[in-house]
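Just dropping this structure here.
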Amino acid sequence: MNNKKKDFLRTIVENDLKSNKYKEIVTRFPPEPNGFPHIGHAKSISINFGIARDYNGHCNLRMDDTNPTKEDTKYVEALEDAVKWLGFDWGENLYYTSDYFSQIYAYAIELIKMGKAYVDSLTEEEIREYRGTVTEAGKRSKYANRSVEENLDLFERMKNGEFQDGEHVLRAKIDMSAANMKMRDPLLYRIRHAHHFRAGDAWSVYPMYDFAHCLSDYIEGITHSLCTLEFENNRDIYNWVLDTLELKPPRPYQYEFARLNINYTVMSKRKLLELVDSKHVSGWDDPRLPTIAGYRRRGYTPESILTFCDQIGIAKANSVVDVAQLEFCIRDDLNAKVPRVMCVLDPLRVTIENYEGSEEIEAPYYPHDVPKEGSRKIPFSKELYIERADFEENPLKGYFRLTPKQPVRLRHGYIITCKEVIKDADGNITEIKAEYYPDSKSGTQDTSGIKVKSAIQWVSATDAKKVEVRLYDRLFKNDAPEGIQDLNLDSLHVINNAFVEPAVITQKLDERFQFERLGYFYADPIDYSDEKPVFNRIVGLKDSWNKKTKEKKVTPKPEAKKVQVDGEVTPMREEEKAFFNTYTQELQLNNEVANTLARDKKLSQFFKETLSEYNSPVNIANIVTNEVARELKQKEPSELKFKPKEIAELVKMIDDATISIKIAKDVFEEMNKTGQEPAEIVKNKGLVQISDPAVILPIIEEVIAKNPDNVEKFKAGNKKLLGFFVGQVLKATGGKANPKIVNKLVAEKLNGN
RNA sequence: UGGGGUAUCGCCAAGCGGUAAGGCACCAGUUUUUGGUACUGGCACUCGGGGGUUCGAAUCCCUCUACCCCAUCCA
């Protein structure tokens, strides 16, 4: 990773590498093989394999197969395929959690011996009941005090299959009243008399995710265990298990990122399965599905999906990405790669009355702006098909195509003009009689002198090949669909009698094409045959004309900004009120500061002690409520490296103008980190404030001289640039210049000159 | 309701006390034998709301609000 913008995960990895926490970074992509991978998996794959690649580490592919009742080999194959298709290579590093069952079992025994795990014999319902609720503590099972020997015995017999499913479980002994529900004695093992697709019938007990995952990571030497946000609460168990077992370092740490959501589709396994089972789609590889198999069959390239994953970034905010972003990626990819050919979806017959015979037109596969070579011959004859939408008897203003009055160019061919419109009894147009201009042929010196507004695609009726074309629209009509009720019933259009130019079929140049003016298409890998060619539309081209004609109905939504209601603030207790009054009245603190202080015991205590060292209530209160408060949020007063006395000294230096408040904050940071005396820090770093204009002025002049464009902008009215100049001067003096004076001088200089 | 998270443009997303990056979308314009592409320009005086600290706050403090996750013997 060089100059590219880093996401928070890469920042963590870089720091860990820099601090030598790990020699090599190891990640893993750990799906449970119980369903088909979708684009959300692609994001995870891209993150895990991508980070490993970027930092010269490696990424394991691990099947997290701890639940024998749900998993199957066909899913592991699909998962392997997906990773490979996306272009990643796990090398030798394909693992299964089931490979570690013996080791994990041994760790469980160890926990039991430490008295940190016990066999619980409560029923499932009882366990749930005993767990308590989010607001009430749970209570511990009476089985929790079984002796180590008894636990060992029971657990072994569980493993040996002596008990029925559900009779016993192994639980960690943590804390039944933990605020984090996941820590209320989590289950480590359950009895499952089931056939495991890999481990067979060797085991009667299977480890739970929370026990197996951290240990599998550890066993594989994973350094960064990256998962999605919903596992945030599980992180405590992850750490508890690894810490309690006192494993030899280095150990892995878990970090969470937001999972991918895309609008107009669903991503959950359950909802996807529902679509497949209800036959609303043709299968897991239906091109409308966000599954890897679906995208693949639709014609998406792995590159485009990877680019997409790259573009959307990695963050912790739950978000929904617009499909348009994905569509952009595939268009952008294919634009540079794919040959252009002509196809007519909805044919309208055109007879060129002044043309006889036939010819072949040589036409390049790529437009002038795609640096690729190649061409094909297109047959031309008297009888052609054009797109029905490319002729309009009563055109809207701005229509560029063929009309009774407006000629048009046949792409790569001649200019034609409409002579007569033939209609059937119902008034539907069935044919256009046209004439062509022989001297307007494309690629030659066009001497016709006719100007056209556009070129349209066409095929020769006698030579064109009939093909099936499948046009896909979004599967759901709702941008945040809940389920089947939100389906777009019109998401698939099958066109049975589209026509393509012969080269598409005979030259087999590629499996992806741009059908000019229509979009990008892919020869369906399953249904395509020479007798019946089938093309899937991967994505349409951007179409500003179509948009313009449709837009009329779209009403802009006003959607006023939501008004925020302010909630009730819990009233102060009597004691707090007394403090508040003292602070505001006797010490002259402002209400906000007094309020903060009065409500926080630790803070007010610290404040009181500091005040007893040095009497400067306002400045002390400011430092305490703003800076000390930050530290006291995570630490106890006793853990702080500084004491009230040092804070008092710090404030003293502010009061006598030795240092500015800005410097004071830096000094505070240093005190907090090292525990040094403030005076010492100021002395060692030479932080004494510079207030002498004679020293500051030259620096200001230098900064002004270096930024002429910003000076211009400032003079043009961009007054907030003042802050920029002040910042630059401060930077040049290492923060030591007195900011008030700098401000004044800069303003004078800028306005004066 | 306890705990853990998250809020920056229509959608993603940088930013970590000193000029609000970038992409998508959108809107103009130029080029164009694809109403495509490419190119140029426009798109956040403001960062969920309100206060405070500071010469200076999206960034630090307080407070409120909204949304997500946790009470599967799933992962």
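Order of the sequence lines sets the chain letters (A, B, ...), proteins ahead of strands, with each chain counted from 1.
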- Message: With a 3.5 Å cut-off and heavy atoms only, can you find an N or O donor on one side and an acceptor on the other between the side chain of A:D369 and the base of B:G36?
- Response: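 By the distance-only test, yes, there is a pair.
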- Give none if B:C67 has no partner; otherwise give the nucleotide forming a Watson-Crick or G-U wobble pair with it, both distances under 3.5 Å.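 For B:C67, the partner nucleotide comes out as B:G5, under the 3.5 Å rule.
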- Task: Assess the pair A:F231 and A:Y238: is the distance between their ring centroids shorter than 6.0 Å?
- Result: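 No.
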- Query: Does the ring center of A:F515 lie less than 6.0 Å from the ring center of A:F521?
  - Reply: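 For A:F515 and A:F521, the ring centres are under 6.0 Å apart.
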- Scan A:I262 against the nucleic acid and name what it touches under 4.0 Å (heavy atoms): base, sugar-phosphate only, or nothing.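 A:I262: no heavy atom of the nucleic acid under 4.0 Å.
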- Query: From B:C62, B:A75, B:G35, pick the nucleotide closest to the side chain of A:F231?
  - Reply: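 Selected nucleotide: B:A75.
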- Message: Using a strict threshold of under 4.0 Å (side-chain N to carboxylate O), is an ion pair present between A:R171 and A:D120?
- Response: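 Yes, charged N to carboxylate O under 4.0 Å.
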- Message: Counting only side-chain nitrogens and oxygens, does A:K451 get under 4.0 Å of the OP1 or OP2 atom of B:U33?
- Response: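 No, A:K451 has no side-chain N/O under 4.0 Å of OP1/OP2 on B:U33.
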- Message: Please determine whether any donor N or O and acceptor N or O are separated by less than 3.5 Å between the side chain of A:T625 and the base of B:U53.
- Response: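 Donor-acceptor pair under 3.5 Å: no.
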- Message: At 4.0 Å (heavy atoms only), tell me whether A:Y399 reaches a base, stays on the sugar-phosphate, or touches nothing.
- Response: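 Here A:Y399 touches the bases of the nucleic acid.
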- Please figure out whether A:V593 or A:R190 has its closest RNA chain B nucleotide nearer the 5' end.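 In this pair, the answer is A:V593.
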- Message: Any strand counts, and the cut-off is 3.5 Å on both contacts for Watson-Crick or G-U wobble. Which nucleotide pairs with B:U33?
- Response: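 No nucleotide pairs with B:U33.
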- Return the value, rounded to whole Å, for the distance between atom CZ of A:F668 and atom C1' of B:C61.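 Value for this atom pair: 12 Å.
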- Query: Does A:S319 have a side-chain nitrogen or oxygen under 4.0 Å from the phosphate oxygens OP1 or OP2 of B:A13?
  - Reply: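 Affirmative; the distance criterion is met.
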- Per the atom types in the model, does the base of B:G36 pair as donor or acceptor with the side chain of A:R331 at under 3.5 Å?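 Such a pair does not exist between side chain and base.
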- Query: How do A:Y209 and A:S454 order along RNA chain B: which one's closest nucleotide is nearer the 5' end?
  - Reply: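 Its nearest nucleotide lies further toward 5', so the answer is A:S454.
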- Message: Distance criterion of 3.5 Å, no angle test: do you see the side chain of A:N318 paired donor-to-acceptor with the base of B:U6?
- Response: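 Answer no: no donor N or O sits under 3.5 Å from an acceptor.
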- Task: Just call it for A:F328: base, sugar-phosphate, or nothing, with non-hydrogen atoms closer than 4.0 Å on any strand.
- Result: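 Sugar-phosphate, no base atom in range.
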- Query: Only one of A:L541, A:L334, A:V341 clears side chain to side chain contact (heavy atoms under 4.5 Å, CB included) with A:Q514; which?
  - Reply: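 Answer to the side chain to side chain contact (heavy atoms under 4.5 Å, CB included) test with A:Q514 among A:L541, A:L334, A:V341: A:L541.
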- Message: What is the distance, to the nearest angstrom, from the CZ atom on A:F8 to the C1' atom on B:U6?
- Response: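 It works out to 12 Å between those atoms.
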- A:Y255 and A:F8: aromatic ring centres closer than 6.0 Å?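 Not close enough - the centres of the two rings lie 6.0 Å or further apart.
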- Query: Ignoring hydrogens and angles, does a donor from either the side chain of A:Q325 or the base of B:G23 sit under 3.5 Å from an acceptor on the other?
  - Reply: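 Looking at the base of B:G23, it does pair with a donor or acceptor on the side chain of A:Q325 (distance under 3.5 Å).
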- Message: Using only modelled atom types and a 3.5 angstrom limit, is any donor from either the side chain of A:K731 or the base of B:G18 paired with an acceptor on the other?
- Response: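 No such pair is found, so the answer is no.
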- Query: Quick one: which of B:G35, B:C70, B:C55 gets closest to the side chain of A:K662?
  - Reply: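 Shortest atom-to-atom distance from the side chain points to B:C55.
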- Item | Face-to-face contact A:F724 to B:G18 six-ring, under 5.5 Å, under 30° |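 The ring of A:F724 is not stacked on B:G18.
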- Message: For B:C26, give the paired nucleotide (Watson-Crick: N1-N3 plus N6-O4 or O6-N4; G-U: N1-O2 and O6-N3; both under 3.5 Å), or none.
- Response: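 Because both required distances fall under 3.5 Å, B:C26 counts as paired with B:G42.
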- Any donor-acceptor N/O pair under 3.5 Å between B:U33 base and A:K453 side chain: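 It does not, because no donor-acceptor pair links the side chain of A:K453 to the base of B:U33 below 3.5 Å.
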- Counting only distance, no hydrogens or angles, is the base of B:U34 paired donor-acceptor with the side chain of A:R517 under 3.5 Å?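 Between B:U34 and A:R517, which were checked side chain against base, a qualifying N/O pair under 3.5 Å is absent.
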- Report yes if a donor N or O on one partner sits less than 3.5 Å from an acceptor N or O on the other, where the partners are the side chain of A:D543 and the base of B:G36; otherwise report no.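 Per atom types, no contact qualifies.
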- Nearest of B:C74, B:U53, B:U19 to any side-chain atom of A:K665?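 Minimum distance to the A:K665 side chain belongs to B:U53.
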- Is the base of B:G35 touched by the side chain of A:N546 through a donor-acceptor pair closer than 3.5 angstrom?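 Absent.
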- No-H, no-angle donor-acceptor pair, A:Q457 side chain to B:U34 base, under 3.5 Å: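 Donor-acceptor pair under 3.5 Å: no.
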- Task: Could you check which of B:U34, B:A75, B:G49 has an atom nearest any side-chain atom of A:D64?
- Result: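 Given the options B:U34, B:A75, B:G49, the side chain of A:D64 is closest to B:A75.
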- Is there a side-chain polar atom (N or O) of A:R192 under 4.0 Å from OP1 or OP2 of B:C74?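 It does, given that an N or O in the side chain of A:R192 lies less than 4.0 Å from OP1 or OP2 of B:C74.
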- Task: Would you indicate whether A:K719, at its atom NZ, is surrounded by more than 12 heavy atoms from other residues, nucleotides or ligands within a distance under 6.0 Å?
- Result: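 Check passes, neighbour count above 12.
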- Task: May I ask you to say what A:V321 touches in the nucleic acid, namely base, sugar-phosphate or nothing, with a heavy-atom cut-off under 4.0 Å?
- Result: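 If one applies the 4.0 Å heavy-atom cut-off, A:V321 turns out to touch the sugar-phosphate alone, with no base involved.
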- Below 3.5 Å, does any donor atom in the side chain of A:Q564 face an acceptor in the base of B:G48, or the other way round?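 In this structure, the two groups form a donor-acceptor pair.
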- Message: Using ring centroids (six-membered ring only for Trp), state whether A:F328 and A:F308 fall under 6.0 Å.
- Response: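 No, the ring of A:F308 stays outside the 6.0 Å limit from the ring of A:F328, centre to centre.
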